[in-house]
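Contents: one structure, followed by commentary.
None of the values given here were measured: they were computed from a predicted structure. Numbers here are sequence positions counted from 1. Only heavy atoms go into these numbers, but all of them, side chains included; no hydrogens, no water, no symmetry mates. Atoms within a ligand are numbered from 1 in the order they appear, just like the ligands themselves.
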Amino acid sequence: MVILGEKEYFKGINEIKYEGRESDNPLAFKFYNPDQVVAGKTMREHFKFAMAYWHTMGGVGNDPFGPGTKLFPWATSNDPIVAAKEKADAAFEFITKMGFDYYCFHDFDLVEEASSLSESEKRIQIMVDYLKQKMNASNTKLLWGTANLFSNPRYMNGAASNPNFEVVAWAGAQLKIAIDATIALEGENYVFWGGREGYMSLLNTNMKLEQDNVGRFMRMARDYARSNGFKGNFFIEPKPMEPTKHQYDFDAATSINFIREQGLEEDFKLNIEVNHATLAQHTFQHELQVAANAGMLGSIDANRGDYQNGWDTDQFPNNIYEAAEAMLVFLKSGGLQGGGINFDAKTRRNSTDLEDLFLAHIGGADTFARGLLVADAVLNNSNYETLLDNRYASFEEGKGQEFVEGKLTLEDLSKLAKRLSEPEQISGKQELYENILNQHI
Ligand code: XLS
Ligand code: NI
Ligand code: NI
């Protein structure tokens, strides 16, 4: 059901429907069919697509070389509450017209930050009440909430990792407000993305203290949220750099180590973002696999980088090959634990039509849907799994099996190898695997 405020912002655009591959309607899904069952679940259930409040409602196209290019009709009032309510009206009109079930926000995406903490808190509470009504009317849910602990100049040296305890305390106050809002809106998860948690120069940095302080901050968040009834997951969203030169949550492996070192493994998982993976010189699917191996594949921020430069360009996903490889990992590891797919992506600075927001999300949803269909076909209609199993068959029997079971010593390996002749050469068959994937695209 489409939810409108007093005004209709996206005039002429109706609810986006699945029309199939043959459709020429640019405002229709070609592959994302919410009710289609793939591998035992509907696409809607697999993906839990979410709109990112900051990019979709707030991303006006400013970059380091120039101001915004997009004059959003919901961003005209000088009264912060009026502006915030109009933004929320537009957000819910958008989400419901897209047919999505979820959204995600930072505290100050909802309403402009005030000059005092308590005034900011009041503003957020007003918006929480307003959003509750919108969510109830439309059956929309909050995938995750988070606090923006990186934009305000006070966080220039970090938030939880700040060398000045007073800034850490301020960040804690803001964190508490964001957790309260997330709980009040029945948010399913809470995200930590530490844009300024890291360092620019090691010369002026006590890395050990800073990282331990981030751990303490997260344990406080967990304890506070749990004691106030929050049952969801906490996610760390890894990113190697930008804005900080070196971020502590560099990649999935680094973040998993941090989670374990800080005793957070019962409550924390990862939110993997495509463009953050590639910034860390990994592939998206690599990061998903690392998270899945640790039982921490929680959620996805969907976007893509530009493979000719190294920036976090946050473009909408459109690479079917990348999505198909990612969905192979996704299906084989049983999907996401508690999270969903949040379009943390922005239309280009020169994509200035309101319609472009729809086209971008349609393309993103179709890319993931197509990736899922391809991955499902590869798993069910090809010998991919058999090939992969056979590659490791030597660990399934005999001495290989004993090795896996931990029954052999290094002396055993030595004796065994001396009895064997030079092992036979076995091809890795990479091209065959690649051909199988392409065959199903
Ligand atoms: C920035 C991050 C950010 C988080 C939420 O690069 O992706 O948008 O998802 O703070
Ligand atoms: Ni990002
Ligand atoms: Ni993100």
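Checking side-chain atoms of Asp366 against main-chain N and O of Tyr32 turns up a donor-acceptor pair under 3.5 Å.
Here Phe92 and Tyr103 bring their ring centres to under 6.0 angstrom of each other. The aromatic ring centroids of His106 and Phe150 lie less than 6.0 Å from each other.
Near Asp312, with a cut-off below 4.0 Å to any heavy atom, the atoms of ligand 1 are 6 (O). Close contacts between ligand 1 and Asp301 involve ligand atoms 9 (O) [criterion: under 4.0 Å to a heavy atom].
Between Phe72 and Glu86, the closest side-chain pair of non-hydrogen atoms is not below 4.5 Å. No side-chain heavy atom of Thr254 sits under 4.5 Å from any side-chain heavy atom of Pro238.
Contacts of His276 with ligand 1, taken as heavy-atom pairs under 4.0 Å, involve the side chain alone.
Not a single heavy atom of His55 lies less than 4.0 angstrom from ligand 1.
By the 3.5 Å distance cut-off applied to N or O atoms, Asn271 is not counted among the residues near ligand 1. Residue Trp144 has no N or O atom closer than 3.5 Å to an N or O atom of ligand 1. For ligand 1, one of its N or O atoms has an N or O atom of Lys239 under 3.5 Å away.
For the Ni ion (ligand 3), the tally of protein N/O/S atoms lying closer than 2.8 Å stands at 4.
Relative orientation of the Trp144 and Trp54 rings is tilted, given thresholds of 30° and 60° on the angle between their planes. The aromatic rings of Tyr199 and Tyr248 are tilted relative to each other, their planes meeting at an angle between 30° and 60°. Taking the six-membered ring for Trp and thresholds of 30 and 60 degrees, His282 and His286 have nearly parallel ring planes, at less than 30 degrees apart. Ring-plane geometry between Phe10 and Trp74 is classed as tilted, the angle between the planes lying from 30 to 60 degrees on a 0 to 90 degree scale.
With no hydrogens or angles considered, a side-chain donor-acceptor pair links Asn189 and Asn233 at under 3.5 Å.
Of all protein heavy atoms, the one closest to atom 8 (O) of ligand 1 is Asp344 OD2, 3.0 Å. The protein atom (non-hydrogen) at minimum distance from atom 9 (O) of ligand 1 is Glu237 OE1, 2.7 Å. Nearest to atom 5 (C) of ligand 1 among the protein's heavy atoms is His106 NE2, 3.2 Å.
Residue pairs meeting the ring pair (Phe, Tyr, Trp, His ring centres under 6.0 Å) criterion with at least one partner in residues 295-329, sequence neighbours excluded, are Phe316-His361.
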